[in-house]
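All remarks here apply to the structure that follows.
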Amino acid sequence: MNGREAMELALEEARTALEHGDVPVGAVLLGPDGSVLASDHNRREETGDATAHAEMLVISGASRAIGDWRLTDCTLVVTLEPCAMCAMAAVWARIGRIVYGAADLKAGAAWSLFNIPQDERLNHHIELEARVLEEECSAILQEFFESRRAGA
């Protein structure tokens, strides 16, 4: 599976988050061979857990699937630029590549506010690819927040 196909799967996950009132962010973690190791979406509202971001869930799920915390040469595909917590978790998991759709100018930690995955002071660095299906990824988030502001 390539990054674009994986982003389409991540968008499906993001839409599922809407069913329980979570911010529609979806993520997929691909193995070195391009197979899907884990896919999930934000579940903070559903679980009452501040750490239940899509990225954190797929990192945990993929680690369980392969029986190792090291996700070397794996690719994290996510509809929204990872926050500092998720970007650092990707570094700790030794993920090789992050692909994301929409930039997060308020909390993004993979270029917008910080660049944790490529910070030279850290012991692991991650390749980044941004703006994959950016319009679709941005649109689902914009619609969600517009409906919240409108009181829907």
Side-chain angles (χ1 to χ4, degrees), residues 1-31 34-66 69-71 74-119 126-152:
M1 178 174 288
N2 65 36
R4 186 178 178 88
E5 293 169 333
M7 188 64 75
E8 289 173 359
L9 181 56
L11 278 163
E12 288 177 33
E13 286 286 351
R15 289 182 197 95
T16 303
L18 294 169
E19 295 173 10
H20 43 81
D22 269 289
V23 175
V25 176
V28 175
L29 212 141
L30 301 176
S35 63
V36 175
L37 298 177
S39 65
D40 215 327
H41 54 274
N42 276 0
R43 294 179 182 271
R44 292 182 310 165
E45 298 298 329
E46 181 184 48
T47 64
D49 180 355
T51 67
H53 288 204
E55 302 96 321
M56 300 295 283
L57 297 171
V58 297
I59 289 170
S60 293
S63 293
R64 282 191 304 276
I66 66 170
W69 63 268
R70 292 173 194 85
L71 300 173
C74 291
T75 300
L76 173 62
V77 179
V78 61
T79 58
L80 181 65
E81 178 181 0
C83 69
M85 173 181 69
C86 296
M88 199 65 225
V91 169
W92 293 138
R94 309 294 193 267
I95 287 172
R97 185 169 177 241
I98 296 174
V99 176
Y100 67 87
D104 186 346
L105 302 179
K106 294 182 180 180
W111 279 337
S112 292
L113 289 181
F114 312 104
N115 190 349
I116 290 171
Q118 296 179 333
D119 191 314
I126 301 172
E127 177 186 338
L128 295 174
E129 181 180 352
R131 300 185 174 182
V132 174
L133 298 180
E134 180 181 27
E135 287 183 25
E136 294 91 329
C137 294
S138 294
I140 191 170
L141 289 160
Q142 287 173 337
E143 291 168 16
F144 174 78
F145 287 112
E146 285 172 7
S147 70
R148 298 277 295 243
R149 284 190 290 272

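- Taking the salt bridge (Lys or Arg N to Asp or Glu O under 4.0 Å) definition, one finds that R43 meets it with D40, E46, sequence neighbours left out.
- Applying the side chain to side chain donor-acceptor pair (under 3.5 Å) test to S39 and every residue at least two apart in sequence or in another chain returns E13.
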Practice prompt. For side-chain contact (heavy atoms from CB on, under 4.5 Å), just list the numbers for I126 and I116, CA-CA rounded to whole Å, side-chain angles, deciding distance to a tenth of an Å, and then say yes or no.
Written response: CA-CA 9 Å; I126 301 172; I116 290 171; over 6 Å; no
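- The shortest non-hydrogen separation linking G31 to C74 is CA-SG, 3.9 Å.
- Taking OG1 from T16 and CG from L11, the interatomic distance works out to 10.5 Å, rounded to the nearest 0.5 Å.
- Contact between A87 and A109 at its shortest, heavy atoms only, is CB-O, 3.8 Å.
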Worksheet item: Stepwise, does the side-chain contact (heavy atoms from CB on, under 4.5 Å) test hold for V99 with V78?
Response: CA-CA 6 Å; V99 176; V78 61; over 6 Å; no
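- Judged by distance alone, with hydrogens and angles left aside, the side-chain atoms of D104 form no donor-acceptor pair with the main-chain N or O of L80 at under 3.5 Å.
- In this structure, L9 and V77 have side chains that are not in contact, with every pair of non-hydrogen atoms separated by 4.5 Å or more.
- Of the possible polar contacts, none joining the N42 side chain to the P24 backbone as a donor-acceptor pair under 3.5 Å is found.
- With rounding to the nearest 0.5 Å, the separation of CG in L105 from CD in E81 is 7.5 Å.
- Between R4 atom CZ and M7 atom CE the span is 10.0 Å, to the nearest 0.5 Å.
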Practice prompt. Check the pair R94 / L71 against side-chain contact (heavy atoms from CB on, under 4.5 Å), numbers first and verdict last.
Written response: CA-CA 6 Å; R94 309 294 193 267; L71 300 173; 6.0 Å; no
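- Taking the side-chain contact (heavy atoms from CB on, under 4.5 Å) definition, one finds that N115 meets it with W111, P117, Q118, L128, sequence neighbours left out.
- Taking the side-chain contact (heavy atoms from CB on, under 4.5 Å) definition, one finds that A65 meets it with nothing, sequence neighbours left out.
- Considering only residues two or more places apart in sequence or on other chains, E55 meets the side chain to side chain donor-acceptor pair (under 3.5 Å) condition with none of them.
- In this structure, T79 contributes its side chain and A10 its backbone to no donor-acceptor pair below 3.5 Å.
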Worksheet item: For I140 and L18, what are the C-alpha separation, side-chain angles and deciding distance, and is it a side-chain contact (heavy atoms from CB on, under 4.5 Å)?
Response: CA-CA 10 Å; I140 191 170; L18 294 169; 4.3 Å; yes
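- Every residue was checked against the side-chain contact (heavy atoms from CB on, under 4.5 Å) condition with L113, not counting sequence neighbours, and none meets it.
- Applying the ring pair (Phe, Tyr, Trp, His ring centres under 6.0 Å) definition to pairs two or more places apart or across chains, those involving residues 6-29 are H20-H41.
- Among residue pairs with one or both ends in residues 88-107, none qualify as ring pair (Phe, Tyr, Trp, His ring centres under 6.0 Å); sequence neighbours excluded.
- Here the side chains of V36 and L30 are in contact, with some heavy-atom distance below 4.5 Å.
- Partners of T47 by side chain to side chain donor-acceptor pair (under 3.5 Å), not counting sequence neighbours: none found.
- At least one side-chain heavy atom of I59 sits less than 4.5 Å from a side-chain heavy atom of I95.
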Show me the side-chain donor-acceptor pairs of residues 129-138 shorter than 3.5 Å, one per line, residues at least two apart or across chains.
| residue | atom | partner | partner atom | Å |
| --- | --- | --- | --- | --- |
| E129 | OE1 | R97 | NH2 | 2.1 |
| S138 | OG | E134 | O | 3.0 |

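- By the side chain to side chain donor-acceptor pair (under 3.5 Å) test, R70 pairs with D68, sequence neighbours left out.
- Contacts classified as salt bridge (Lys or Arg N to Asp or Glu O under 4.0 Å) and involving residues 14-27 (residues at least two apart or in different chains) are not found.
- Atoms SG and NE2, from C86 and H53 in turn, are 5.5 Å apart once rounded to the nearest 0.5 Å.
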